[in-house]
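Below, each value reflects all heavy atoms present in this structure, side chains not excepted, and no hydrogens, waters or symmetry copies.
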Amino acid sequence: MIKEYKTIAEVAGPLMLVKGVEDVTYDELGHIILPSGEQRRCRVLEVNGSDVLVQLFDNAAGINLKESSVKFFGRSMELDVSPEMLGRVFDGMGHPKDGGPELIADKHLDINGLPMNPAAREYPSEFIQTGVSAIDGLNTLVRGQKLPIFSGSGLPHAELAAQIARQAKVLGSDSKFAVVFAAIGITYEEADFFVSDFKKTGAIDRAVLFMNLASDPAVERIATPRMALTAAEYLAFDLGMHVLVILTDITNYAEALREVSAARKEVPGRRGYPGYLYTDLATMYERAGKKRNVEGSITMIPILTMPEDDKTHPIPDLTGYITEGQIILSRELYRKGIKPPIDVLPSLSRLKDKGIGVGKTREDHSGTMNQLFAAYARGKECKELMAILGEAALSDVDLLYAKFADAFEQEYVSQGYENNRGIEETLDIGWKLLTMLPRIELKRIKDEMLDRYLPKAMAAAGISEDAAADAQADTSAADGAGEQ
């Protein structure tokens, strides 16, 4: 029997103190019943003897302490799941908001879940093609990986997120693939962009969308990513699907956590965030991965905006410790019109070597990836020297590298948000760019790969072997003169 308590002692912001309560546990759900009969949702945050601190999901306006009552349900927050979730749009609490009917639940799952047991994990090793060259070619996403995108205010992370959600797939597999997309604390315009983009391209048929708006309560913001991960766990481990989870924006989630922590008068940590921010983020991120002897998997791309573009801010800093790399968006490239503005040099996928090569992408992937990184890094250095000392101070080879850096940004990184590049096309573009450099400079690619792929790339770029040999001789002579 559910008891009803008329012992509300105090309301402070999103928190309410109820006295004389029995048999109530942490995280339990409840309803506040107003004199008018209106009901508002709440959950237990703290239990101290018979005193219970509850958190309101709606605002506290109109709650009369003497006339209002509270009842608790004896269970924590749950999500109704079923195969019919695919193709649906839900609010941040898991209620349909697409005008469709309520789900007929296959299961009722606790949204808090559990991080995956490390002993049960299988090491990620299967390539996921996102269709974005700067990710697939240089910072490869692997099935079961957690690879965040670090963005800045005003940068086009929403367009990149929608592109990845639309294009991502597991190559060479007949397995079912799904996307769980959770938007946390976004504006109505952003929510409309995501929903209309998914519907327009047909990607919604294999997606589950959770939309939490900026105008929704902070408490709901904390629940939304857990709703999404619970849906992903059901699709992956009950239905055997490969699920890509995209969470945007984790910064809004952390801000909501800070707001609730401040209301509870907890001792703040760095920048006012609660001291348990690392643990809280880890409980979410660690729910992604692959399990041994289980068909499905969860791959996660959390997206966060770095306040003031600061990589040392607590949210990106702690996220970087938990996840396996990061994709960083650059304001400088954005100003140049590069779409998407992915800064490949500070970006990193720690598992990229495990997901590329023969049988996964192509045999030349590792060598071309390392060569492109090295050439672009040197090209950027040459451009900086050119800005300081002038073009005349650079050698012929340095000038080639500077031109390579510009071409790399325009042709390889910049591809727009509608262009879905296969991994073969991405690798071929890389080879085409490498033809700008003399063969003697391509020191990170094995000779057998150069013999196999370089002539094709030169033919595609319209460069004859004689012209290449002449350029090679000129470069060698210039290098020799420079040494003397």
Side-chain angles (χ1 to χ4, degrees), residues 10 12-17 25-27 42-48 51-57 76-77 92 111-116 118 146-153 157 182-186 212 214 216-229 245 247-288 300-329 346 348 350:
E10 186 183 347
L15 304 180
M16 186 171 74
L17 181 65
T25 57
Y26 171 74
D27 217 33
C42 63
R43 72 172 180 133
V44 176
L45 266 188
E46 196 175 297
V47 180
N48 185 10
D51 293 351
V52 172
L53 186 70
V54 300
Q55 186 175 23
L56 310 179
F57 283 88
S76 59
M77 205 178 302
I111 68 163
N112 294 301
L114 289 171
M116 206 177 288
K146 307 174 287 291
L147 186 64
I149 294 174
F150 290 0
S151 182
S153 178
H157 49 270
I184 307 160
I186 62 172
N212 166 261
D216 293 330
V219 187
E220 183 175 314
R221 201 126 51 247
I222 294 170
T224 303
R226 290 178 167 80
M227 291 277 176
L229 286 163
V245 179
L247 307 175
T248 180
D249 180 336
I250 293 295
T251 300
N252 293 334
Y253 169 84
E255 296 288 353
L257 208 63
R258 180 166 68 174
E259 184 181 327
V260 172
S261 174
R264 292 174 67 179
K265 296 183 173 61
E266 294 174 337
V267 177
R270 288 167 62 193
R271 307 261 185 122
Y273 293 96
Y276 51 81
L277 178 62
Y278 178 88
T279 309
D280 193 277
L281 290 173
T283 58
M284 291 196 306
Y285 296 152
E286 291 299 333
R287 290 171 72 174
M300 186 188 293
I301 299 182
I303 298 173
L304 56 92
T305 49
M306 302 177 288
E308 300 173 2
D309 294 357
D310 180 11
K311 283 182 279 194
T312 66
H313 187 277
I315 305 169
D317 188 33
L318 297 177
T319 294
Y321 281 116
I322 304 164
T323 55
E324 295 110 9
Q326 68 278 330
I327 303 295
I328 297 180
L329 301 191
L348 169 70
R350 293 190 179 97

### Query
Mind checking what makes ring pair (Phe, Tyr, Trp, His ring centres under 6.0 Å) contact with Y273, not counting sequence neighbours?
H313
### Message
Quick check for you: to the nearest 0.5 Å, what is the distance between D249 atom CG and I149 atom CD1?
### Response
11.0 Å
### Task
State, yes or no, whether a side-chain contact exists between M77 and M227 at a heavy-atom distance under 4.5 Å.
yes
#### Entry: Side chain proximity check, E286 to M116, heavy atoms < 4.5 angstrom
no
#### Entry: Shortest non-hydrogen separation from K146 to A288 and the atoms involved
CG-CB, 3.9 Å
### Task
Determine yes or no for a side-chain-to-main-chain donor-acceptor pair under 3.5 angstrom, with D27 supplying the side chain and S76 the backbone.
no
### Message
If I compare all heavy atoms of A218 with all of A256, which pair ends up nearest, and what's the gap?
### Response
O-CB, 3.6 Å
### Message
One pair to check against side-chain contact (heavy atoms from CB on, under 4.5 Å): V245 and R287. What are the steps and the verdict?
### Response
CA-CA 11 Å; V245 179; R287 290 171 72 174; over 6 Å; no
## Note on the structure
From the list I222, I315, T224, side chain to side chain contact (heavy atoms under 4.5 Å, CB included) partner of Y253 resolves to I222
### Task
Mind running side-chain contact (heavy atoms from CB on, under 4.5 Å) on L56 and V219 for me, showing each step along the way?
CA-CA 7 Å; L56 310 179; V219 187; over 6 Å; no
### Query
How far does CG of L53 sit from CE of M16, to the nearest 0.5 angstrom?
9.0 Å
### Interatomic distance, L348 atom CG to E324 atom CD [nearest 0.5 angstrom]
10.5 Å
### Query
In Å, rounded to the nearest 0.5 Å, how long is the span from CG of L304 to OG1 of T319?
5.0 Å
### Heavy-atom check, side chain of D51 versus side chain of L17, under 4.5 Å
yes
### Query
So how far is it from L281 CG to T283 OG1, rounded to the nearest 0.5 Å?
7.5 Å
### Query
Can you check whether N212 reaches N252 side chain to side chain, under 4.5 Å on heavy atoms?
no
### Query
If you look at every heavy atom in P302 and Y285, which pair is closest and at what distance?
CG-CE2, 3.6 Å
### Query
Can you find a pair of side-chain heavy atoms, one from Q55 and one from L15, that are under 4.5 Å apart?
yes
### Query
Are any non-hydrogen side-chain atoms of P274 and L257 less than 4.5 angstrom apart?
yes
### Query
Is R271 salt-bridged to D310, cutoff N-O under 4.0 Å?
yes
#### Entry: Min side-chain heavy-atom separation T25-V44 under 4.5 Å
no
#### Entry: Sequence-distant partners of S153, side-chain hydrogen bond (donor to acceptor under 3.5 Å, both in side chains), two or more places apart
none
#### Entry: Non-hydrogen side-chain atoms of M300 and L229 separated by less than 4.5 Å
yes
### Task
For residues S261 and E266, report the shortest heavy-atom separation together with the two atoms involved.
OG-OE1, 2.6 Å
## Note on the structure
Between L247 and A228, the two heavy atoms sitting closest are CD2-CB, 4.3 Å
## Note on the structure
Here the gap from T248 atom OG1 to I184 atom CD1, rounded to the nearest 0.5 Å, amounts to 7.5 Å
#### Entry: For G320 against R350, the heavy-atom pair lying closest together
O-NH1, 3.7 Å
